[in-house]
Amino acid sequence: MEPLKIGIVGAAGRMGAMLVRQVQAQGEVCKLIGATERAGSAAVGKDAGELAGIGALGIIVAADPVELFAKADAVIDFTAPAATVAHSVLAAQGKTIHIIGTTGLEAVHDAEIAKAARHTAIVRAANFSVGVNLIQALTKRAASLLDEEFDIEIVEMHHRPKVDAPSGTALALGDSAAAGRQVALKDVAVRARDGITGARKSGTIGFATLRGGDVVGDHTVIFAADGERVEIGHKASSRQIFARGAVRPALWARGKAPGLYSMQDVLGF
Ligand code: NAD
C-alpha cells in the first residue's frame, strides 16, 4: 500500500514539531506532504523539518490550509479551537481524514465538528496516549461498580504554559466516570472550588487543577469513601506518546466510513 499522505497543521507548536518528527520516523507507512501555521507566525515560510530540529525536509510551512486539506489523505491537528473547527470544514470538503487533538473546545465547536464528521472520518481524542485511554475505560468500569458512597474527584497537573483548565483529559475522565454512573457530566461537575463552598454534594464529580514547571500531564481519578480510597492514575513523561498515538488513528481511519471516532474505537477498548 502507498504510504499515507499526512499534513500537519500548527507545525511549529510543541505537539506540531513532535508530530513532524513522528511522521518522519514512520516513513515506511506514512509520508509528510505539507505543514501549516497560523497566518503571521514567524514559522511561515520556514522548513518544517528544520523547525522540528531534524534538518530540512523540503516542506515549507504555509499559512493557508486549503491546499493541504485538498492534497493530504489525513491531517493531524493540535492547534486551537477556532482553527480546528475551520480545519474540520476543509476536511469535510476534501474528504480528508481529520485527527483532532486540540482541547478546550466548547459545545458550539463540538456541534461544528459533528457536522463535518457526516462527510469524512474524524478521530478526536482529548488524549491520544494508550495509557490514558486505558484509565478512561477503567474509570468508567469503576464508577459503574462503586456507588455514591464513593465520591469521585479528578486531579490533574500540567506545565505552566497550558492555557485551558481543567485539562481536556481530566474532562474526558469525568465523562467516563459520569457514563459509568449513567449521568451527564455537565449536571454533576464541580470544576473549581473557592471560599465557603459548603459540604460536598453527594454524586458530584469534582476537579482540581495544578499548573507548574514542565509537567507533560498527570491525572488521577480518586474514588473516596469512608475508610478507603481507590486511585486510578496516569503520568505522561514524554509528549511523544501523544504524537505516536495520533499517527495510529490516521492509519486506522484509511477507508473508514464518515463519522466521529474516538481513540477507544481505534484501540478497541
Ligand atoms: P502550542 O501552543 O505549542 O501549539 C499550537 C500551535 O498551533 C501554535 O504553533 C499555533 O501557532 C498553531 N496555530 C494556532 N492557530 C492556527 C491556525 N489557524 N493554523 C495553523 N496553526 C495554528 O500548543 P501544544 O502544546 O502543541 O498544544 C496544542 C493543543 O493540543 C492544545 O489544545 C493542547 O491541549 C492539545 N494537546 C492534546 C493532546 C492529546 O493527546 N489530545 C496532547 C497534547 C496537547
Side-chain angles (χ1 to χ4, degrees), residues 7-22 34-46 48 51-53 59-69 72 75-91 98-106 109-110 112-113 122-136 156-173 175 209 211 214-219 234-250 261-264 266-267:
I8 294 169
V9 287
R14 278 179 293 263
M15 279 306 302
M18 187 67 81
L19 284 158
V20 169
R21 293 195 285 274
Q22 185 64 36
T36 72
E37 252 300 331
R38 154 184 69 74
S41 158
V44 172
K46 301 216 167 105
L51 288 169
I59 306 277
I60 302 303
V61 175
D64 184 354
V66 172
E67 200 189 328
L68 180 64
F69 275 87
V75 171
I76 308 181
D77 183 344
F78 285 66
T79 59
T84 293
V85 167
H87 291 145
S88 74
V89 173
L90 296 176
H98 192 189
I99 308 299
I100 301 178
T102 310
T103 64
L105 280 77
E106 311 278 343
H109 302 125
D110 295 345
E112 291 300 318
I113 288 168
I122 298 184
V123 184
R124 184 175 163 198
N127 194 307
F128 278 103
S129 100
V130 173
V132 161
N133 280 276
L134 174 68
I135 71 160
Q136 273 181 260
E156 59 106 334
M157 180 161 188
H158 280 86
H159 49 87
R160 63 171 83 86
K162 184 162 178 63
V163 294
D164 54 318
S167 71
T169 301
L171 293 169
L173 287 164
D175 271 328
T209 299
R211 290 285 175 266
D214 62 355
V215 177
V216 175
D218 294 354
H219 294 88
H234 178 267
K235 286 183 167 54
S237 48
S238 162
R239 273 197 180 76
Q240 207 187 339
I241 55 171
F242 308 128
R244 207 168 45 226
V247 173
R248 184 169 171 164
Y261 299 97
S262 71
M263 196 57 181
Q264 310 270 320
V266 177
L267 296 170

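Counting starts at 1 for both ligands and their atoms, in listed order.
- Contact atoms of ligand 1 toward Met15: 26 (O), 43 (C), 44 (C) (distance under 4.0 Å to a heavy atom of the residue).
- At least one heavy atom of Ala125 sits under 4.0 Å from some atom of ligand 1.
- Near Thr36, meaning under 4.0 Å from one of its heavy atoms, ligand 1 places the atoms 20 (C).
- For the atom pair Gln22 CD and Met15 CE, the distance stands at 9.0 Å (nearest 0.5 Å).
- Listed by number with element, the atoms of ligand 1 under 4.0 Å from a non-hydrogen atom of Ala12 are 9 (O).
- Atoms of ligand 1 found under 4.0 Å from any heavy atom of Gly10 (numbered from 1 in listed order, with element): 7 (O), 12 (C), 20 (C), 21 (N).
- With rounding to the nearest 0.5 angstrom, the CG atom of Asn127 is 6.5 Å from the CG atom of Asn133.
- Residue contacts with ligand 1, taken as heavy atom pairs separated by less than 4.0 Å, do not involve Ser129 at all.
- Of the inter-residue distances, the one linking Ile99 atom CD1 with Arg248 atom CZ reads 12.5 Å to the nearest 0.5 angstrom.
- Protein heavy atom at the shortest distance from atom 39 (C) of ligand 1 is Ala126 O, 3.3 Å.
- A donor-acceptor contact shorter than 3.5 Å links the side chain of Thr102 to the backbone of Thr79.
- At the top of the distance list for atom 38 (C) of ligand 1, counting protein heavy atoms only, stands Phe78 CE2, 3.4 Å.
- By the 3.5 Å distance cut-off applied to N or O atoms, Glu37 is counted among the residues near ligand 1.
- Between Ser41 and ligand 1 there is no heavy-atom distance shorter than 4.0 Å.
- Both the backbone and the side chain of Phe128 come within contact range of ligand 1, each with a heavy atom under 4.0 Å.
- Nearest non-hydrogen protein atom to atom 29 (C) of ligand 1 is Thr79 O, 3.6 Å.
- Looking at ligand 1, you'll find an N or O of Arg14 within less than 3.5 Å of one of its N or O atoms.
- Ligand 1 has at least one atom lying under 4.0 Å from a heavy atom of Lys162.
- With ligand atoms numbered from 1 in the order given, ligand 1 contributes 32 (O), 33 (C), 34 (O) to contacts under 4.0 Å with heavy atoms of Thr103.
- Shown here for Gly101 and Phe128, the closest heavy-atom pair between the two residues is CA-CE1, 3.6 Å.
- The shortest non-hydrogen separation linking Arg21 to Ala52 is NH1-O, 2.6 Å.
- Classification of the His98-His87 ring pair by plane angle, with boundaries at 30° and 60°, yields perpendicular.
- When all heavy atoms of Ile122 and Ser88 are compared, the closest pair comes out as CD1-CB, 4.5 Å.
- Residue Gly101 has at least one N or O atom closer than 3.5 Å to an N or O atom of ligand 1.
- Annotation: Arg38 places an N or O atom under 3.5 Å from an N or O atom of ligand 1; distance criterion only.
- The closest approach between a heavy atom of Gly168 and any atom of ligand 1 is not below 4.0 Å.
- Within 6.0 Å of the CG atom in Asp214, the count of heavy atoms belonging to other residues, nucleotides or ligands does not exceed 12.
- For the pair Glu37 (side chain) and Ala43 (backbone), a donor-acceptor distance under 3.5 Å is absent.
- Close approach of ligand 1 to Ala83 (heavy-atom distance below 4.0 Å) involves ligand atoms 15 (N), 16 (C), 17 (C), 18 (N).
- The NE2 atom of His159 lies 10.5 Å from the CE atom of Met157; values are rounded to the nearest 0.5 Å.
- Atom CD of residue Glu156 and atom NE2 of residue His234 lie 14.0 Å apart, to the nearest 0.5 angstrom.
- The shortest N/O to N/O separation between Gly13 and ligand 1 falls below 3.5 Å.
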